[in-house]
Amino acid sequence: MRRIFLFILPILIVVAGAFTLFGYFQVRFEEDKLIDDLKRKSKHVAEAMELSTRGVFVSKDMRNANYLVEKFEARERLQGCVLYDKDGNIIAITKRFNDWKEKDKPYLNDILSSKNPRGELEKFKDHTVYSYILPVTDDEGQVLGLVEVIYDTSYVLTRLTEIWKRISATLIILVIIIFIIAVFLHKQIFALPVQRLTEWFQHFQKGETDEAHPVKEKGELGKLASEVEQVALSLRVKRRTISDEAQVRLEKEETWTEIKLRDVVHAKLGENALFVVSNREPYMHVIDETTGAARCITPASGVVTALHPILCACGGTWIAHGAGNADRKFVNSKDKLGVPPEDNRYILKRIWLSKEEEDGYYYGFANEGLWPLCHNTHTRPIFREADWEIYKKVNQKFADGVLAELPAKNPFVFIQDYHFTLLGRIIKEKRPDATIALFWHIPWPTPESFLICPYRKEILDGMLGCDLIGFHVQSHCNNFLDTANRLLESRVDTEKFSVVRLDKETFIRAFPISVNGYMTGNIMEKDLTKQIEAIKSELDLEDKIIGIGVDRIDYTKGIIERVLAIDRFFEKYPEYKKKVVFMQLAAPSRIHIKRYHDLMSEIDELVEKKNWKHMDGAWKPIIYLKKHFSAEEIKPFYKMADFCIVSSLHDGMNLVAKEYVASKRDLAGALILSQFTGAARELTDAVQFNPYAIEEFTQAIKLTLEMPIDEKKKRMENMRRIITENNVYRWAGNIITELTALKKS
Ligand code: ADQ
């Protein structure tokens, strides 16, 4: 529309200018004509009176004088007549024009002396009149008196206003007609062919039509259309070849790699694009508090860690909340951008939420309600009706954002986590042809625990809108099936592992999530060694045995228990003082929730207290680095650590455990792992323990430190084999394979 305005504006300015000029001259012409007419009439009337008044002036017959001035009053637009004697005094005046007497008339003397008539426009009260004064002379040429006729001129103004009105109305009509014609022509000549070409392009490149492009003209648009045609054709061919090649390669390959996953996606999903939805975005633009410049960070999130390599491998669109305070600066008109920033591999679409929405949906319902509900850590879930209402609204908002992106046929939507329990149902209702999977990254509780949620039915119903629901481990699947069976009118098929509700079947499967196997990245081994040396020298760690913990600050991660166990360890085994140092990397998270805020202070105080208790010279047992690290920054810490502690009180999987193992190429390290993590099911070679039992925890640390090197290597080797085989590409590949198989059956 803006373009049309820019196009029409000069035309309108020229037309309006020409009309105004024309109007101005027309009005001036009309004005002159009317005034001339008045002059002529006044002169005529005055001259007609001249003869009669001569007798009156000679005889000084006042009766006749009055009769004369009243007689001429009947003429059209004539307001009054006045007779003056030879000294300029009024001797007779039309009655209704009596006020004229008051007017100052300095010109009378001139007329009497010059004997010339005078016709002028005069101001009288608040209007203008035309006055014509004729001197009346005797036969010798001596002035006997004056005759004045006064005409009303207000009709001149009325006529001129009418003319202006007419010109303005014509101009407005003309402008509207020009505008309509321009919009119509623009649409016909430009917009419609481009719109048709765009639609044709979308369908042709996907193989949904074989027709030739719709632009028939030969000009510039025709050239553009033929260029578009070439691009569409090569895209179409490329898609098909990729899909065929993928199928061939798949039949050969064994281990899951980035390429194999890409092949699976192309072979199984073919033309259907992949859409991932999560709350947390993979890239966040934030204003750096010290420099004031915007920078791009990857949030500390297991979901992001797992999904990013998949999108990098397969492409597609990731839809997430734009939570960074500089996020809006980096999106295009459709709220999208290509990521990673340095090498665009997929599209990130940001959904904007108001503070109130973020508060109710994310902090409130998801993280104060569902998160503690699903984690068995004895933190009371809080359910507020207002939060639930906002949670529903935000699910609808994300659904709208997803639906706007979906292509015409059979899209594949992959929803992440407890933030979007209602999304599957909403999307399915609008797009029954979409294949929808939901992956639940946290544990699923027992039916008894889930029962306390006031919105349990709506949540289960929303989730069962999906075709597939994935959990990390089988026990979470079993809990979900039990919950659906007990709390919802549905049929659970224990052979197929599915739930049927309202004729819709949803399959429930375990897919243990993982990392990308060997922690690939941009850092060279040489650089890593340099970074390790720098960290060690800065923190005085050169000859120390180093332990590490890497967590978001969350009560489920058992950080308090970890500090207590380290305290107990040095209490029980003081010979390790000055030899062992534990480094805790901790990213603040969900800080607007009181429970998390309190936890941060609690950890700060406890670390301070225990460090003070055991401190010896420059040595202290715990180095607490409370900040968000980039994935690259964490790598040297993993690599230099002799052991890693993961002490979650309850965790869906825990990727830190897997990241640590994946980073230990030299096998020099050991993992101390809580038995309440999903990872504990796979990583059976880790030293496992109960984080609630501080003595047992302490013994696990001691056991690890004193474990023979060969055994440590063996254990690490086994764990690495498992992670290399069951990497994140297998996780995603299995979900897609399962889904396509289930859809066919
Ligand atoms: P999270 O609860 O976020 O994930 P986790 O699996 O441990 O937990 O992943 C945390 C991620 O954040 C890791 O990639 C880690 O490297 C990173 N991280 C931790 N501390 C950091 C710091 N200080 N700075 C920067 N990054 C940091 C949820 C579930 C888990 C499940 C994942 C994936 O709670 O059980 O494993 O999803 O499904």
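Because only heavy atoms are used, hydrogens play no part in the values below, and waters and symmetry mates are left out as well, while side chains stay in. One-based numbering, in listed order, for ligands and for the atoms of each. Heads up: numbering here begins at 1 and tracks the sequence. Quick caveat, the model's predicted, so the values are computed rather than measured.
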Query raised in the report: Hey, is Ile513 touching ligand 1 through its side chain, its backbone, both or neither, going by heavy atoms under 4.0 Å?
Result: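 For Ile513, only side-chain atoms sit under 4.0 Å from ligand 1.
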
Output side-chain donor-acceptor pairs under 3.5 Å for residues 370-380, partner residues at least two apart or in another chain, one line each.
residue : atom : partner : partner atom : Å
Trp371  : NE1  : Asp554  : OD1          : 3.4
Trp371  : NE1  : Tyr596  : OH           : 3.3
His375  : ND1  : Trp371  : O            : 3.0

Query raised in the report: Relative to ligand 1, is Trp371 under 4.0 angstrom through side chain, backbone, both or neither, heavy atoms considered?
Result: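 The answer is the side chain of Trp371.
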
Query raised in the report: What about His628: any of its N or O atoms under 3.5 Å from an N or O on ligand 1?
Result: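 No; the residue has no nitrogen or oxygen that sits under 3.5 Å from a nitrogen or oxygen of the ligand.
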
Query raised in the report: Do ligand 1 and Asp551 have nitrogen or oxygen atoms that lie under 3.5 Å from each other?
Result: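 So ligand 1 has an N or O lying under 3.5 Å from an N or O of Asp551.
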
Query raised in the report: In terms of atom number and element, which parts of ligand 1 are under 4.0 angstrom from non-hydrogen atoms of Gly652?
Result: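 Matching atoms, with element in brackets: 35 (O).
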
Query raised in the report: When the ring centroid of Phe480 is compared with that of Phe450, is the distance short of 6.0 Å?
Result: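 No, ring centres 6.0 Å or more apart.
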
Query - Ring geometry between Phe383 and Phe365 (parallel below 30°, tilted from 30 to 60°, perpendicular above 60°) - result: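 It falls in the tilted class, 30° to 60°.
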
Query - Polar atom proximity, Met653 to ligand 1 (N or O, under 3.5 Å) - result: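 It does: an N or O of Met653 is found under 3.5 Å from an N or O of ligand 1.
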
Query - NZ/NE/NH1/NH2 to OD/OE distance under 4.0 Å, Arg730 and Glu725 - result: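 Salt bridge: no.
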
Query raised in the report: Taking both backbone and side-chain atoms of Ile634, is any N or O found less than 3.5 Å from an N or O belonging to ligand 1?
Result: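 In this structure, Ile634 places no N or O atom under 3.5 Å from an N or O of ligand 1.
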
Requested in this report: Only pairs at least two apart or in different chains count here, so list each side-chain hydrogen bond (donor to acceptor under 3.5 Å, both in side chains) that has a residue in residues 669-679.
Outcome: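 Output for this query is empty, none listed.
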
Query raised in the report: For atom 27 (C) of ligand 1, which of Gly678, Ala631, Ala306, Ala300 has the closest heavy atom?
Result: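 Nearest heavy atom to atom 27 (C) of ligand 1 lies in Ala300.
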
Query raised in the report: Applying a strict 4.0 Å limit to heavy atoms, is Ser301 in contact with ligand 1?
Result: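 Judged by the 4.0 Å heavy-atom criterion, Ser301 does count as contacting ligand 1.
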
Query raised in the report: Under a 4.0 Å heavy-atom limit, does Asn654 contact ligand 1 with its side chain, its backbone, both, or neither?
Result: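 It is both backbone and side chain that touch ligand 1.
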
Requested in this report: Consider ligand 1: state whether an atom of it lies below 4.0 angstrom from any non-hydrogen atom of Lys627.
Outcome: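 Checking ligand 1 against Lys627, which is what was asked, there is a heavy-atom contact under 4.0 Å.
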
Query raised in the report: Should Lys557 be counted as touching ligand 1, given the test is an N or O pair under 3.5 Å?
Result: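 Yes.
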
